[in-house]
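To start, the structure itself, in structure tokens.
Position 1 is the first residue of the sequence, and the numbers go up from there. What you are looking at is a predicted structure, and each value in this text was computed from that prediction instead of being measured. Computed from heavy atoms alone, side chains included, the values below leave out hydrogens, waters and symmetry copies.
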Amino acid sequence: PLASVTPTICYKRHVCPAASSYPSICPNGTYASSDTAAMKAISECAICPAGVYCTNGTITGPCAAGYLCEFGNSVPDPDYSTDIPNRKKGGLCPIGHYCTQGTTYKRPCTNQTVGYSTGLQ
């Protein structure tokens, strides 16, 4: 019939705002776990945790060695210049420290070594 509406199926890990025609996935830098029920708003997506980056609504993988992913990152090699307060923070490992792949914190150079550049692995 005219003006009939076919309901949209909202799958797990998808966002289906009211009156939307299609489900969408969480934006890059956020994710929804595989057991998360359908969500009604993008704000229900979780911020990507430390040490990893998130794309297409999932945790994609660990951050690259030489980088520190504190939270909310959408690439494995983030740039501090694109930080967003309370949403994303990450960048090159700072001078005097090194960062292994997927690390959640910077480690100071040890054994009488000195790191004079950023991004040390």
Side-chain angles (χ1 to χ4, degrees):
L2 287 175
S4 67
V5 176
T6 304
T8 300
I9 296 172
C10 198
Y11 304 100
K12 285 185 176 184
R13 296 183 30 237
H14 283 75
V15 180
C16 298
S20 65
S21 300
Y22 300 99
S24 60
I25 57 174
C26 290
N28 291 341
T30 66
Y31 77 105
S33 63
S34 60
D35 60 343
T36 300
M39 299 171 284
K40 294 180 182 173
I42 292 288
S43 62
E44 294 179 58
C45 297
I47 293 174
C48 195
V52 296
Y53 67 103
C54 300
T55 58
N56 297 320
T58 63
I59 295 175
T60 307
C63 287
Y67 290 86
L68 184 61
C69 290
E70 296 183 48
F71 57 85
N73 288 285
S74 61
V75 293
D77 52 353
D79 178 352
Y80 278 118
S81 71
T82 61
D83 282 358
I84 302 168
N86 302 318
R87 295 289 299 161
K88 186 191 100 48
K89 187 171 184 183
L92 278 170
C93 200
I95 291 175
H97 296 82
Y98 69 98
C99 298
T100 57
Q101 181 184 37
T103 191
T104 58
Y105 59 93
K106 59 189 180 215
R107 295 182 172 117
C109 294
T110 57
N111 297 331
Q112 300 181 4
T113 60
V114 179
Y116 291 111
S117 64
T118 58
L120 294 179
Q121 304 173 21

| message | Measuring from atom OG1 of T60 to atom OH of Y53, what distance do you get when rounded to the nearest 0.5 angstrom? | response | 5.5 Å
| said: I need the minimum non-hydrogen distance between Y98 and C93, along with the two atoms involved. | reply: C-SG, 3.2 Å
| said: To the closest 0.5 Å, what do you measure between OH (Y67) and CG (D79)? | reply: 8.5 Å
| said: So which atom in C69 and which in V52 form the shortest heavy-atom distance, rounded to 0.1 Å? | reply: CB-O, 4.0 Å
| task | Please report the C-alpha distance between H14 and I25 in whole Å, then the side-chain angles of each, then the deciding distance to 0.1 Å, and finally whether the side chain to side chain contact (heavy atoms under 4.5 Å, CB included) criterion is met. | result | CA-CA 5 Å; H14 283 75; I25 57 174; 3.6 Å; yes
| task | Report yes or no: does T103 contribute a side-chain atom to a donor-acceptor pair with the main-chain N or O of T100 at less than 3.5 Å? | result | no
| For C109 and H97, which heavy atoms make the closest approach, and how far apart are they? | SG-N, 3.8 Å
| message | Return the OH to SG distance between Y22 and C16, rounded to the nearest 0.5 Å. | response | 12.5 Å
| message | Could you work out, with side-chain hydrogen bond (donor to acceptor under 3.5 Å, both in side chains) as the rule, every residue matching S33, not counting sequence neighbours? | response | D35, T36
| message | N73 and side-chain contact (heavy atoms from CB on, under 4.5 Å): which single residue from C54, P78, C48 fits? | response | P78
| request: For residues S74 and N28, report the shortest heavy-atom separation together with the two atoms involved. | output: CB-CB, 3.6 Å
| query | Which pair of heavy atoms, one from P49 and one from Y31, lies closest together, and at what distance? | reply | CD-CE2, 3.6 Å
| remark: Between L68 and K106, the two heavy atoms sitting closest are CD1-N, 3.9 Å
